[in-house]
Trainee: 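Input: one structure, supplied below.
Side-chain atoms are counted along with the backbone in the values below, which use heavy atoms only and exclude waters and symmetry mates.
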Amino acid sequence: MLSGVFSFVSAGLLVHLDAVDVAFTEAAVGAGISTVLMLSTLALTARHESLNRRPRAIPLIVVFLTGLTLVYGTLDMPRFGDPNAPIHSHVSPKYVNDTAAEIGMPNIVTAVLASYRGFDTFGEVTVIFAAGIGVLLLLAGTIRNAINGNISAMEHHLVLRVVTKVLIGPILLFALYVQFHGDYGPGGGFQAGVIFATAFIIYALVFGLETARRALPGRVVRILLATGVLIYGGTGLISFVTDHNFLDYSVLGATAVAGQHLGILLVEFGVGMTVSAVMVSTFYAFAGQNPPISDEDW
Amino acid sequence: MFTATALALLAAMALALVRLYAGPSLYDRVLAANSFGTKTVLLIGVMGFLTGRPDFLDISLLYALLNFIGTIAVLKFFRYRTLGDNVEGEGKP
Amino acid sequence: MTALLLDAVSWVLLMAGCVLVLIGALGLVRMPDFYCRLHPAGITDTLGADLILLGLMVQAGFSLITIKLLLIGAFMFFTSPTSTHAIANAALVAGLKPERAKVPALPEDKGDNQ
Amino acid sequence: MNLDDVFGLFNYWMVIVLMMTGFYIVVSRGNLVKKIVGLNIFQTSVFLLYISMGKVRGGTAPILTGKPEIYSDPLPHVLILTAIVVGVATTALGLALVVRIKNAYNSIEEDEIQKADDATEFGGELPQGAK
């Protein structure tokens, strides 16, 4: 249940493997969102698994055989850390060597993400957008709207309330830092979006969902959700209508490098907006459900 | 020097994992997970120095900020049985 | 000379932090019940963490890295005791009793339990 | 097979262990939430596979410092970075489906859902609580 620890371990491992950007994402996602999502689903379903009467032997054998086959397959794989592995010989050297001249920003990952492989990322953002819409479609009908009576969301936890109040500001500030510092250090729209959403989630956890909804209404979040994708696509369209390829940012600025900078900034902003809106609206949808739990489930 | 620190932190993390696995009550587990998180923050910081690129402290900083959200979510869930608002009278603590 | 001194200071701080963190982790495993475990997990961790961060700060010199380390230390200084407090509070409300509070001294305890 | 092979392929084997753990959970558990947890573990193993393939010996993080250095492969990092966030979004979608299934069938156990489906299709007694 405490899958958070899993995330801590993987983030440490990723730092060791030099993937700081990925570790950053894993940290942002694993520390808050995934735990919260799992817990809110558990709150809406049963906590205990009913006794499993299936045979255990067959899955075990299947898994074991598949594993052995895969191990056999690895024998031909390139060795760990081998600089001559096929994966390093195709497009990656171009990215590593040309980023400084063509994009002019130190973080190669951001450059590849937003510029060289902008199409890929556009697709990913659309997938996130679609998933967010799907969650809203599935759950929006059963969201409980107003609450009569007192909200008893941790009212009496004075220490928690004060510390949360102190922390939310820095978290939001840090999200902005990550958003706009992504060109130079690890970070970018994906991470910033998740961190931004986490700030609202912690606010909702401690001060009550209703209070959070008053600060950031669900309607606004849904508008942001679509606006982010529009910003991304719109940035691509600008270059499209000026006789360039879709998502070719060189036309946006006076020089090609300046254009790339501006384009990446805009695109990352769109990504951050969509990601944070999806996360917040997903949380609203899950947490706003009527808990159908009867006592015998517990 | 940094290697020794990293090794000590790893040992401490292993011990926290032992408690996480054994912990008789839920709260023991939450406590162990929380302390595991603290040690991860330190380990990532030390590892930055170890590899000579200490400008990646952002990850540590992020964990330092977000570490307690998971803890609070778990505690709230097991106390109120929901992560949303609970109306007075249902889901007694 | 100064570099050597700084190295020595940061070495001492790091090692002290390590020892505290290790003691804390050991206590987390060895302590007999939940409320006892709060102490190693909460108190030693906070001090140990801050000592290690201080050691790293001395090592980093005066730069952006120091500021980041300072921020990490400040946030941990707030959040770590808060989480411990929240966990303890939740456990108390949930009705988890200190195991040995009312138990008379067990023979192997040599009378040192509260 | 020599020792170098063992250490050189160790990362793949760890990935396979993790992957098979996730696979086992998906196959053997009837509880839908557990199945999603298993899928997540499976997913993480794929992330690790990509990232460990991107590592270059002696390389450092792909953020230019000005000095000539060996950098790890940035491409897998990009792919996995987006995949993690997409993974959370799709997990949320899956969990939303589970919540709706719970509403409709009053159960999230695969067997009981199957039973309820059979009952509506072929007639027979509905399990308790199913609508």
Trainee: Is there a side-chain contact between C:I52 and B:L9 (heavy atoms, below 4.5 Å)?
Mentor: yes
Trainee: According to side chain to side chain contact (heavy atoms under 4.5 Å, CB included), who are the partners of C:L54, at least two apart in sequence or on a separate chain?
Mentor: C:L13, C:M57
Trainee: Return the CZ to CG distance between C:R30 and B:L15, rounded to the nearest 0.5 Å.
Mentor: 11.0 Å
Trainee: Does any heavy atom of chain C fall under 4.5 Å from the side chain of B:L42, the backbone, both, or neither of them?
Mentor: side chain
Trainee: As an exercise, state the distance from CG of B:N34 to OG of C:S80, rounded to the nearest 0.5 Å.
Mentor: 6.0 Å
Trainee: Checking B:A64 now: which residues fulfil side chain to side chain contact (heavy atoms under 4.5 Å, CB included) with it, not counting sequence neighbours?
Mentor: B:V41, C:I72, C:F75, C:M76
Trainee: Pick from B:L65, B:V18, B:L62: which one has the most heavy-atom pairs with chain C under 4.5 Å?
Mentor: B:L65
Trainee: Tell me which of these, C:T84, C:L56, C:T46, has more heavy-atom pairs under 4.5 Å with chain B than the rest.
Mentor: C:L56
Trainee: Of the non-hydrogen atoms in B:L75 and C:A90, which two are nearest, and what is the gap between them?
Mentor: CD2-CB, 3.8 Å
Trainee: Between CD1 of B:I72 and OG1 of C:T79, what distance do you get to the nearest 0.5 Å?
Mentor: 9.5 Å
Trainee: Which atom names give the shortest non-hydrogen contact between B:A8 and C:L22, and what distance separates them?
Mentor: O-CD2, 3.6 Å
Trainee: Can you see which heavy atom on B:R19 is nearest to which on C:M31, and at what distance?
Mentor: NH2-O, 4.0 Å
Trainee: List the atom of C:A49, the atom of B:T38, and the distance in Å for their closest heavy-atom pair.
Mentor: CB-CG2, 4.3 Å
Trainee: Please report the interatomic distance CZ(B:F49) to CG(C:L14), rounded to the nearest 0.5 Å.
Mentor: 9.0 Å
Trainee: For C:S83 versus B:T71, what's the shortest heavy-atom pair and its separation?
Mentor: CB-CG2, 4.3 Å
Trainee: With only heavy atoms counted, which part of C:L64 is less than 4.5 Å from chain B, the side chain, the backbone, both or neither?
Mentor: neither
Trainee: Looking only at heavy atoms, which two atoms of C:I87 and B:Y27 are closest? And how far apart?
Mentor: CG2-O, 4.0 Å
Trainee: Side chain, backbone, both or neither: which part of C:I23 has an atom under 4.5 Å from a heavy atom of chain B?
Mentor: neither
Trainee: For the residue pair C:L28 and B:L31, establish whether any side-chain heavy-atom pair is separated by less than 4.5 Å.
Mentor: yes
